[in-house]
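Shown next, in structure tokens, is the structure this report addresses.
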Amino acid sequence: MGIALIVHGGAGAIADNDVAPHREGARTAANIGWVILANGGNALDAVQAAIVSMEDDPAFDAGYGSYLNRDGQVEMDASFMDGRTLDAGSIAGVQHIKNPILVARRVMESEHTFLIAHGAERFATEQGIALIDEKEMRAPNAIAKWQECVNNPPPAPLAQYVPVHGTVGCVAIDQNGNIAAGTSTGGMSFKRVGRVGDSPIIGAGTYADNLLGGASATGWGEAITRVVLSKFAVDALANNRHPNEAARAAIEMLASRVGGTGGVIMVDRFGRIGFAFNTPRMAYAYLTPNKSVVASC
Ligand code: ASP
């Protein structure tokens with residue numbers, strides 16, 4: 001069984017001078033996850049490690065570096081799914097968690113599938129994950145972007161006018177054929193307080209099923225949610241369809257049904273990689289046994 005791993009670092013109009021940090025951050029994350037898989041580790045640990053690396057990198061809209069909401073604060077969402085058991089865990093609207101993906105994984109391992117805001121944070125502390133001051137999560141680049149929005153408020157609907165995203169995600173298959181997927185985000189820049197997009201919604205932002213494959217989405221969350229993009233993409237792997245084709249079909253459906261923009265990354269049960277996006281750019285990197293890191297943006 002071939003191991004494989006792909007990460008994304010968001011789809012959107014990534015500015016020219018943000019390209020290199022996105023590409024290199026994606027490459028680093030993919031390598032971190034790959035080392036775990038190559039040493040016989042499981043897909044869950046590989047996905048977690050890759051996402052933690054991007055959450056800690058302020059180039060991305062996840063963890064430290066998350067976009068700020070209209071009140072100038074971070075509010076983060078994350079999800080995790082185990083394709084072996086179909087266990088899934090999500091959190092939304094957390095403000096005091098350094099690495100939201102770690103809490104999403106703990107939720108996945110708990111009796112619940114989704115915890116929000118202070119309940120998710122209380123659960124995190126019960127799990128031994130320390131809370132931090134929300135101000136520590138505000139990176140200088142996110143504050144500058146927020147200030148731009150304050151000075152020059154984008155017109156509604158926000159998603160169509162601020163098409164710059166840096167959500168992160170990872171999908172991997174390990175040597176036992178187990179598939180895992182995860183996604184973590186700070187959401188849309190200058191979002192309403194309490195707004196939650198697709199990223200923590202199982203089926204929309206993330207999906208994994210050993211019988212077919214796994215997917216993580218990025219882009220305009222309201223559109224992605226309405227078409228349940230990741231589940232659509234995974235279902236499109238039926239009949240041994242190549243993940244590139246399945247990803248393309250999903251993005252075409254996103255565009256044609258709801259005028260959505262975004263991207264999706266995939267790994268199928270044979271260890272084949274696929275991705276597609278209809279935004280100007282998407283940051284991604286992947287590895288298979290035959291290919292070293294291919295990173296692009
Ligand atoms: N999909 C995310 C959201 O709507 C944003 C992104 O992918 O960057 O919250």
Side-chain angles (χ1 to χ4, degrees), residues 6-15 18 21-22 25-26 51 54-55 57-63 65-70 73-79 90-95 100-101 104 114 116 139 141-142 145 154 156-171 181-207 215-233 247 250-251 254-255 258-265 275-284 297:
I6 183 166
V7 303
H8 72 70
I14 298 167
D18 289 335
H22 275 74
I51 291 181
M54 292 189 285
E55 284 178 338
D57 183 341
F60 300 108
D61 171 28
S66 286
Y67 288 148
L68 308 185
N69 64 18
R70 288 189 195 180
Q73 298 182 350
V74 300
E75 269 186 320
M76 302 167 288
D77 314 320
S79 60
S90 299
I91 59 170
V94 298
Q95 299 194 286
I101 197 68
F114 205 152
I116 62 162
N141 54 341
K145 180 141 190 57
L158 189 59
Q160 287 162 355
Y161 293 92
V162 194
V164 185
H165 312 294
T167 291
V168 306
C170 179
V171 188
T183 309
S184 181
T185 189
M188 309 288 296
S189 173
F190 213 57
K191 64 188 179 183
R192 277 183 198 280
V193 173
R195 178 268 185 190
V196 176
D198 62 298
S199 303
I201 311 278
I202 292 300
T206 300
Y207 202 73
S216 169
T218 172
W220 177 12
E222 282 71 5
I224 292 169
T225 297
R226 286 185 279 147
V227 298
V228 201
L229 190 73
S230 291
K231 177 74 162 88
F232 181 98
I251 295 302
L254 173 72
V258 292
T261 52
V264 64
I265 56 168
F275 61 89
F277 54 97
N278 65 356
T279 46
R281 286 179 169 139
M282 180 171 81
Y284 61 90
C297 185

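In each ligand, atom 1 is the first atom listed, and ligand 1 is the first ligand listed.
Between Thr218 and Ala11 the shortest heavy-atom distance is OG1-N, 3.2 Å. Closest heavy-atom contact between Gly63 and Pro100: CA-CD, 4.3 Å. Heavy-atom minimum distance, Met282 versus Ile265: CE-CG2, 3.9 Å.
Taking only nitrogen or oxygen atoms, main chain and side chain alike, Gly221 reaches within less than 3.5 Å of ligand 1. The distance criterion of under 3.5 Å between nitrogen or oxygen atoms is met by Thr218 with respect to ligand 1. Polar contact with ligand 1: present for Gly219 (N/O pair, distance under 3.5 Å). Where the criterion is an N or O separation shorter than 3.5 Å, residue side chain and backbone included, Thr167 meets it with respect to ligand 1. Between Asp198 and ligand 1, a contact under 3.5 Å exists for at least one N or O pair.
Among residues two or more places apart in sequence or in another chain, the ring-ring contact (aromatic ring centres under 6.0 Å, His included) test is passed with Phe277 by none.
Close approach of ligand 1 to Gly187 is summarised as follows: ligand atoms under 4.0 Å from at least one heavy atom of the residue are 9 (O). Ligand-side atoms of ligand 1 in range of Met188: 4 (O), range being under 4.0 angstrom from any heavy atom. Interface atoms of ligand 1 facing Gly166, defined by a heavy-atom separation under 4.0 Å, are 8 (O).
Ring-centre distance between Phe275 and His8: not below the 6.0 Å cut-off.
Using a cutoff of 4.0 Å between basic side-chain nitrogens and carboxylate oxygens, Arg195 and Glu75 are not scored as salt-bridged.
Interatomic distance, SG of Cys297 versus OH of Tyr284, reported as 9.0 Å (0.5 Å rounding).
In this structure, Ser199 is part of the shell of residues with a heavy atom less than 4.0 angstrom from ligand 1. In this structure, Lys191 has no heavy atom closer than 4.0 Å to ligand 1.
Under 4.0 angstrom from ligand 1, the non-hydrogen atoms of Arg195 all belong to its side chain.
No side-chain donor-acceptor contact under 3.5 Å links Ser79 and Ser90.
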